[in-house]
Amino acid sequence: IFFADHWLAYSPSIINLRDLLARTHEVTVLALELVLGGKPAAPRLERPGVKYLRFPNIPRSAWRALDYLDAVLRRLYRPVLFRRWVQLSLLAWHGRKLEAELAIGVDLAGFWAARLCFGHAHLFSLELSKNELLYELVLRSPARIDSVLIQSEARFRYFFPQGERRRFLV
């Protein structure tokens, strides 16, 4: 399971999915751990198979500089979050070391990282964030989406207006 954010401990859907799968499978969850000013930005979820990829201890001023760069890039090109691409690259880099029967990417960012590592993956959609560049990258190769786990039919139609995708409502 590729979780491309640092608040895994606050995501009951992913915690429940991990716990359910762990009953019959060996499960690895890759999540980011963000350290700001020497302190973790969110608590860790202490479960077997949960691996945190620690971002270096970055001063808040450096994050503000990256946010400024993001704002400049968005005006010049498309909605691109430079900081986000750095995070996703870290997740994909570590994910390449895994061997798995299947991969699940949480939201577009996690799916993108999982797909980079395994060529295809299941998309577990929790957020409606429609980052334009990630959205294009994911939908450019829809055959690489094994299935979509999503919270409602309306949400599914938002992401996939054609409706030609295997889906499970959770």
Side-chain angles (χ1 to χ4, degrees), residues 1-34 42 44-56 78-153 155-170:
I1 300 174
F2 287 74
F3 190 80
D5 289 299
H6 60 275
W7 54 79
L8 178 62
Y10 299 123
S11 182
S13 297
I14 302 306
I15 294 169
N16 291 336
L17 176 64
R18 182 250 162 245
D19 291 347
L20 183 66
L21 290 173
R23 293 178 186 172
T24 57
H25 297 80
E26 184 178 329
V27 178
T28 301
V29 179
L30 290 181
L32 298 174
E33 180 177 47
L34 181 62
R44 284 179 163 224
L45 175 67
E46 300 299 334
R47 296 269 205 298
V50 175
K51 297 180 182 180
Y52 283 91
L53 308 176
R54 182 173 252 206
F55 245 49
R78 293 178 171 176
V80 173
L81 294 172
F82 178 74
R83 174 174 64 168
R84 190 67 167 152
W85 287 107
V86 172
Q87 292 173 330
L88 294 179
S89 297
L90 176 70
L91 192 64
W93 175 260
H94 285 276
R96 289 182 187 272
K97 301 173 187 175
L98 298 175
E99 291 184 23
E101 292 178 33
L102 64 91
I104 300 170
V106 179
D107 295 324
L108 293 178
F111 175 81
W112 183 78
R115 194 188 83 189
L116 278 179
C117 296
F118 296 99
H120 58 91
H122 299 272
L123 170 62
F124 192 156
S125 176
L126 296 175
E127 298 296 328
L128 282 177
S129 169
K130 204 173 187 181
N131 176 294
E132 184 178 322
L133 188 57
L134 272 176
Y135 187 73
E136 285 182 23
L137 287 172
V138 167
L139 293 185
R140 192 175 294 157
S141 303
R144 295 184 178 196
I145 302 173
D146 294 336
S147 68
V148 178
L149 291 86
I150 198 159
Q151 295 172 332
S152 72
E153 189 67 30
R155 209 175 257 220
F156 177 80
R157 295 268 178 234
Y158 176 75
F159 278 114
F160 304 98
Q162 308 86 346
E164 300 171 7
R165 191 81 17 240
R166 196 169 106 195
R167 62 190 171 273
F168 302 94
L169 301 178
V170 292

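These figures come from a predicted structure and were not determined experimentally.
A donor-acceptor pair under 3.5 Å is formed between the side chain of Y52 and the backbone N or O of L45.
Residues L8 and R44 have side chains not in contact (no heavy-atom distance under 4.5 Å, counting atoms from C-beta outward). V29 places none of its side-chain heavy atoms less than 4.5 Å from the side chain of K51. Residues Q151 and S13 form a side-chain contact, since some pair of their non-hydrogen atoms from C-beta on lies under 4.5 Å apart. Contact check for L149 versus S125: no side-chain heavy atoms found under the 4.5 Å cut-off. Under the 4.5 Å side-chain criterion, counting only non-hydrogen atoms from C-beta, L91 is in contact with L53. When side chains are defined from C-beta on, S11 does not count as touching R18, because their heavy atoms never get closer than 4.5 Å. Put simply, the side chain of I150 does not reach to within 4.5 Å of the side chain of F124, judged on heavy atoms. Using a 4.5 Å heavy-atom cutoff, the side chains of I1 and L30 are not in contact.
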**Asked** Would I145 and R166 count as a side-chain contact (heavy atoms from CB on, under 4.5 Å) if you check the C-alpha gap in whole Å, the side-chain angles of each, and the deciding distance to 0.1 Å?
**Response** CA-CA 9 Å; I145 302 173; R166 196 169 106 195; over 6 Å; no
**Message:** Please evaluate residues R115 and R144 with respect to the criterion side-chain contact (heavy atoms from CB on, under 4.5 Å), reporting the C-alpha separation (whole Å), side-chain torsions for both, the decisive distance (0.1 Å), and the verdict.
**Reply:** CA-CA 7 Å; R115 194 188 83 189; R144 295 184 178 196; 3.5 Å; yes
**Request:** Kindly determine whether D5 and F3 satisfy side-chain contact (heavy atoms from CB on, under 4.5 Å), including the steps that lead there.
**Result:** CA-CA 6 Å; D5 289 299; F3 190 80; 3.7 Å; yes
**Item:** Candidate pair V106 and L126, rule side-chain contact (heavy atoms from CB on, under 4.5 Å), full reasoning
**Value:** CA-CA 7 Å; V106 179; L126 296 175; 3.8 Å; yes
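One finds the CZ atom of F111 at 11.5 Å from the CD1 atom of I104 (value rounded to the nearest 0.5 Å). Atom NE2 of H25 and atom CG of L102 lie 7.0 Å apart (nearest 0.5 Å). The CD1 atom of I15 lies 10.5 Å from the OH atom of Y10; values are rounded to the nearest 0.5 Å. We find the CH2-CG distance between W112 and L123 to be 15.0 Å, quoted to the nearest 0.5 Å. H122 contributes atom NE2, which lies 4.5 Å from atom OG of S147 (distance to the nearest 0.5 angstrom). The distance from the NE2 atom of H94 to the OG1 atom of T28 is 14.0 Å, given to the nearest 0.5 Å.
Taking R167 as the reference, E153 meet the salt bridge (Lys or Arg N to Asp or Glu O under 4.0 Å) condition, with sequence neighbours excluded. Applying the ring-ring contact (aromatic ring centres under 6.0 Å, His included) criterion to F118, with sequence neighbours excluded, gives no partner residue.
Smallest separation of non-hydrogen atoms from A4 and G110: CB-N, 3.8 Å. In terms of heavy atoms, G95 sits closest to C117 at C-SG, 3.5 Å.
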